[in-house]
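First comes the structure, then the notes that go with it.
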There are 2 protein chains.
Amino acid sequence: MPRRLPTVSDVARAAGVSRQTVSNVLNSPEIVREATRDRVTAAVAELGYRPHASARRLRTRRASTIAVRLDPFAGGISGAVLDRFLHALTERAEARGLTVMLYTATDAGDEIRQFQRLVDGAVVDAFVLASTYSGDPRTEWLIEHGHPFVTFGRPWGIPELDDPQHFWVDVDGRAGVAEAVRRLRASGARRVGFLGWPAGSGTGDERRAGWAAALAEAGVDAGERALLTVDAEESVAAARAAAKRLLGQASDLDAIVAASDTLALGALIATGGALRVVGFDNTPVAEAIGFSSIDQRVDEVAAAALELLDLVGRSEAGDPRSHRLITPDVIMRTPGPALGLVG
Amino acid sequence: MPRRLPTVSDVARAAGVSRQTVSNVLNSPEIVREATRDRVTAAVAELGYRPHASARRLRTRRASTIAVRLDPFAGGISGAVLDRFLHALTERAEARGLTVMLYTATDAGDEIRQFQRLVDGAVVDAFVLASTYSGDPRTEWLIEHGHPFVTFGRPWGIPELDDPQHFWVDVDGRAGVAEAVRRLRASGARRVGFLGWPAGSGTGDERRAGWAAALAEAGVDAGERALLTVDAEESVAAARAAAKRLLGQASDLDAIVAASDTLALGALIATGGALRVVGFDNTPVAEAIGFSSIDQRVDEVAAAALELLDLVGRSEAGDPRSHRLITPDVIMRTPGPALGLVG
DNA sequence: TTGTATGCGTTATCAG
DNA sequence: CTGATAACGCATACAA
């Protein structure tokens, strides 16, 4: 039976104070005398009082809700990343008294219509976008209309990157891959190849750059590096074929770092498990099969996103606080000899 | 600049009617004369008016929001199912003017505390639970307190299964697996094994029962069947080992149906791709590697869940409408010969 | 420090 | 069919 819920008035009556005092105890406890405060908190506990979210929102004009778009396909093997991010975000949002709600959209135009609906209905007061691209109409619209947002992922266009209005948090793929290469070398792998996406995706280019930097550090020159890397689209089959090519042009390979777990799986199959392979995203597949991978640390990303949301609007031009780069974790695994794959 | 949002009063003024008439046009258009209605809708369009969600909620005492718990680990290979379900649910909820919000919980007790918080704060008016078990304290609490909910997954205890207060929708794993076996046999596979979870999980037992039924149909007796099935915990390594055992005790196997894609992957590795393997859940991994799998049709599940939510409270004892069984889809794939795996 | 009065935007009630 | 009035629960400016 949904009994009538207690309100501030009920609490006030029970504690023998005014409504206002109750409100104060709840919102600015420091300004009320301790004895009174205790009486009120006791009454709150006894009655099981909870602030009515809608009433508060109506009054404060804040929804305390952030919206996240759920992708049509959480697809591909790496879809799980967004999932984990969402979980982390929800958890940390709760801790801050925020609610996470979901929406879907078929394309950017549709998504902007959703923004409209959600802000006009005062359902939401901030957005978290899971990815952006140069000239993204969504971020332009949000900035133009003054609605707070954070993106998980850098805006890869030149001008937006330092736009103090564009708050973003991203994972430093370059640093992660470089670290993975170093770890491989430290554990004896002399020649480390890279299986990446075709040039042009900011994320993919960064990851390859990390590999190149680590090799350069170790004295491998550009000419040699060129033989140690190949491209593949994001599919196991394409990765497998590409890895075969790589083995052909660099026969004495010890390990391969890949731009994703999907590519890594392809490489693993192509090499029959003879080489050490490191993927990216640390998906359940990497864990299940037991190959190494680079973890995005979505928990840190979520925390940073919420912190940035706090700063939105308060940022000055060039303020470095408007973005944040998280260093990922390299998870090394040694696949059990039990598991052999050959292609 | 977040301009001041137009309110019903603004619309009323623009249309030259009273606030109430505007409200009527919005909520019960049929009771207002056409000419007036048109004037009002025109004003609404022109001002870009949207009802203020919180105000409406405060007044109507309905949040039009359903809460879904996000699992700590979306984990394992099959975590993607919940993800797809969530997307489908969000999409269909939007179409019904509902919002989906997320919460997290560490255990059942914690989750009940979350229920409390969400309903007391009037943040939510219904819950979708992604799974239940016999004597689940969460469903008991929700029923006892009269809060609407639907579970994705049957309550496997005897008494709850037909409880008209317990609304559930589930996927008919038995039918799906039986169909997969039939399809395999139709395409020439004579002996079809089953790699399942240890007995005791309702879901797993159903899937095995489907396999057994299809074999029985085809004249394979119980004694023979006993040699054609083995158990494994939900891990690739365990599945691989179990599949090896299965190959040992039934050497002339043509195909294996598994209770999950994780198990299927293990079987695929163990058999070196020589046998046809069918998994369950049609996860990205199955798609990436190219083996057959049974799809839960989460879209139908989501639709059914929302329909059931409409009925909650209106159901009589024994009302069959309080639950719904969705028949899954068997997705047959023929792995390219390019992909070989051996264990 | 505490109490009083008022309004956030909406819908329900009821009189015209 | 339309319009005035009140109330949902909370928070704030202001007065005591």
Side-chain angles (χ1 to χ4, degrees), chain A residues 2-41 43-44 47-64 97 118-125, chain B residues 2-41 43-44 47-65 97 117-125:
Chain A
R3 68 206 178 292
R4 199 183 73 79
L5 297 168
T7 76
V8 272
S9 301
D10 298 320
V11 176
R13 199 173 315 119
V17 298
S18 78
R19 289 202 312 229
Q20 173 62 5
T21 304
V22 177
S23 184
N24 283 338
V25 170
L26 264 41
N27 301 307
S28 3
E30 64 282 0
I31 74 167
V32 48
R33 199 195 318 161
E34 186 169 344
T36 332
R37 199 194 312 155
D38 292 345
R39 259 205 344 269
V40 172
T41 41
V44 165
L47 297 179
Y49 165 80
R50 304 262 193 197
H52 190 289
S54 296
R56 169 174 283 176
R57 287 173 189 177
L58 175 59
R59 178 58 208 191
T60 62
R61 316 185 114 315
R62 284 190 295 150
S64 297
L118 295 171
V119 296
D120 284 357
V123 172
V124 144
D125 37 33
Chain B
R3 68 201 177 294
R4 200 183 70 80
L5 296 168
T7 77
V8 274
S9 300
D10 298 320
V11 176
R13 199 171 317 119
V17 298
S18 78
R19 286 203 314 234
Q20 179 55 20
T21 303
V22 176
S23 181
N24 284 337
V25 171
L26 264 40
N27 300 306
S28 1
E30 64 283 359
I31 74 167
V32 46
R33 198 195 319 162
E34 188 171 343
T36 331
R37 199 195 311 154
D38 291 346
R39 255 199 353 262
V40 172
T41 41
V44 165
L47 296 179
Y49 165 81
R50 304 261 194 197
H52 189 290
S54 296
R56 169 174 284 176
R57 286 174 190 176
L58 175 58
R59 187 58 178 121
T60 62
R61 313 183 114 328
R62 282 190 298 151
S64 298
T65 299
R117 174 179 76 89
L118 294 171
V119 297
D120 283 358
V123 173
V124 145
D125 36 32

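Proteins come first, then strands; the chains are lettered A, B, ... in the order of their sequence lines, and each starts at number 1. All values reported here derive from a predicted model rather than from experimental measurement. Computed over heavy atoms, backbone and side chain alike; hydrogens, waters and symmetry mates excluded.
- Taking atom NE2 on B/His52 and atom C1' on C/dT11, their separation rounds to 15 Å, with Å as the unit.
- Between A/Ser18 and C/dG3 there is a side-chain N or O to OP1 or OP2 distance below 4.0 Å.
- Heavy atoms only, all atoms of each residue included: B/Ala43 and B/Ala14 are closest at CB-CB, 4.1 Å.
- Contact check of residues 29-37 of chain B against DNA chain D (heavy atom, cut-off under 4.0 Å) returns B/Ile31, B/Val32, B/Arg33, B/Thr36.
- Taking 4.5 Å as the limit, some side-chain heavy atom of A/His52 sits within range of a side-chain heavy atom of B/Leu58.
- Regarding A/Arg61, its CZ atom lies at a distance of 10 Å from the P atom of C/dT10, rounded to whole Å.
- Judged by closest nucleotide on DNA chain D, B/Val17 is the one of A/Ser9 and B/Val17 placed further toward the 5' end.
- The separation between B/Asp120 atom CG and D/dC8 atom C1' is 17 Å, rounded to whole Å.
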Pairs: protein N or O with nucleotides 12-16 of chain D N or O, under 3.5 Å:
residue : atom : partner : partner atom : Å
D/dT12  : O4'  : A/Arg59 : NH2          : 3.1
D/dT12  : O4   : A/Gln20 : OE1          : 2.4

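- Taking the side chain as every heavy atom from C-beta outward, A/Arg39 and A/Thr21 never approach each other to under 4.5 Å.
- In this structure the side chain of A/Arg50 never reaches within 4.5 angstrom of the side chain of A/Leu5, judged on heavy atoms.
- Remark: side-chain polar atoms of B/Arg57 are paired, donor with acceptor, to backbone N or O of B/Ala63 under 3.5 angstrom.
- A pairwise comparison of heavy atoms in B/Tyr49 and B/Thr7 identifies CE1-C, 3.6 Å as the closest pair.
- Each of A/Val32, A/Val11, A/Thr36 was checked for a side-chain contact (heavy atoms from CB on, under 4.5 Å) with A/Val25, and the lone residue meeting it is A/Val32.
- Proximity of A/Arg13 to A/Asp10: side-chain heavy atoms (C-beta onward) are separated by under 4.5 Å at one or more points.
- The nearest pair of heavy atoms linking A/Pro6 to A/Leu47 is CG-O, 3.5 Å.
- A/Leu5 places its CG atom 20 Å from the P atom of D/dA7, with the value rounded to the nearest Å.
- A/Leu58 has its CG atom 12 Å from the P atom of D/dC10, to the nearest Å.
- Taking atom CZ of residue B/Arg57 and atom C1' of nucleotide C/dA12, one finds them 20 Å apart after rounding to whole Å.
- If you measure from atom CZ of B/Arg62 to atom C1' of C/dT10, you get 13 Å, rounded to the nearest angstrom.
- In this structure, A/Asp10 atom CG and D/dG9 atom P are separated by 9 Å, rounded to whole Å.
- Side-chain atoms of A/Asp38 do not come within 3.5 Å of backbone N or O of A/Ala35 as any donor-acceptor pair.
- In secondary-structure terms, DNA chain D builds stems of at least 3 consecutive Watson-Crick or G-U pairs, each pair having both distances under 3.5 Å, at C:3-16 with D:1-14.
- No donor-acceptor pair closer than 3.5 Å links the side chain of A/Asp125 to the backbone N or O of A/Val119.
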